[in-house]
Amino acid sequence: EAGVVQSPRYKIIEKKQPVAFWCNPISGHNTLYWYLQNLGQGPELLIRYENEEAVDDSQLPKDRFSAERLKGVDSTLKIQPAELGDSAVYLCASSLGGWGSDTQYFGPGTRLTVL
Amino acid sequence: KNEVEQSPQNLTAQEGEFITINCSYSVGISALHWLQQHPGGGIVSLFMLSSGKKKHGRLIATINIQEKHSSLHITASHPRDSAVYICADVGDKLIFGTGTRLQVFP
């Protein structure tokens, strides 16, 4: 069974440029999560989807970040414009069941460097 | 606000030693998640538990809901266990600890 797929694995951009990350969860997993992880820190939840509905986006900086999961399968996270402080690893995870009831499976992450 | 604290932050051990990593949280939770993150970033879920104890191979996780405390034990540690171990509380928000960096030397 394929795991959570993320692309690209690495991205280097200049500040003020837009950037997008893509995630394809494990087949059949209804819940999808986007996390941000700074160096030496634990992941921080950005947004959680139940199917195509964003059920928790309270920690997503909406002035520059946006996400979508139009068909309830794969998802895209966008930053526009990127700032220096956005440099981090962006992790996607999915789970079969809902919040708190099921193990999350993580993708390899996208390492973003903003110059 | 729930806070998740792990100790120690860094841990070194000789191969074969018994390892304990602790996790404390401040607000009652429904479940606690233990994860392993290898160099390079890959995160693997180890356990999700809401009571008692779970065992998988050389890994054992325990939780005491009343004391708001969980421990991850590794028996007969091996260099391939070297990783960052992260606990996360699964409550209203999924809040992660900052992790315990474990290095096991041969």
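Residue numbers start from 1 in every chain, and the chains themselves are labelled A, B, ... in the order their sequence lines are given, proteins ahead of strands. Every value quoted in this text rests on a predicted model; they were computed, and no experiment measured them.
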Report yes if some heavy atom in the side chain of Ile43(B) is under 4.5 Å from a heavy atom in the side chain of Pro43(A); otherwise report no.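 Ile43(B) reaches Pro43(A) side chain to side chain.
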(message) Quick check: do Leu35(B) and Phe106(A) have side-chain heavy atoms less than 4.5 Å from each other?
(response)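 Yes, close enough: below the 4.5 Å cut-off.
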*CD on Gln41(A) to CD1 on Ile86(B), rounded to 0.5 Å*: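 Result: 10.0 Å between the selected atoms.
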Report, as yes or no, whether the 6.0 Å neighbourhood of atom CD on Gln17(A) holds more than 12 heavy atoms from other residues, nucleotides or ligands.
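For Gln17(A), atom CD is crowded (more than 12 foreign heavy atoms under 6.0 Å).
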So with a 6.0 Å cut-off around CZ of Phe65(A), is the heavy-atom count from everything else above 12?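 Result for CZ/Phe65(A): enclosed.
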Who pairs with Lys62(A) by salt bridge (charged side-chain N to carboxylate O under 4.0 Å, His left out), at least two apart in sequence or on another chain?
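Listed in chain order: Asp57(A).
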Considering only distance and modelled atom types, tabulate donor-acceptor pairs under 3.5 Å from the side chains of residues 15-24 of chain B, sequence neighbours left out.
unit_1   : atom_1 : unit_2   : atom_2 : d
Glu17(B) : OE2    : Gln14(B) : N      : 3.4
Thr20(B) : OG1    : His73(B) : ND1    : 2.9
Asn22(B) : OD1    : His69(B) : NE2    : 3.4
Asn22(B) : OD1    : Ser71(B) : OG     : 2.9

Give me the atom names and distance for the closest heavy-atom approach of Gln104(A) to His33(B).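 Looking at all heavy atoms of both residues, the closest pair is N-CE1, 3.6 Å.
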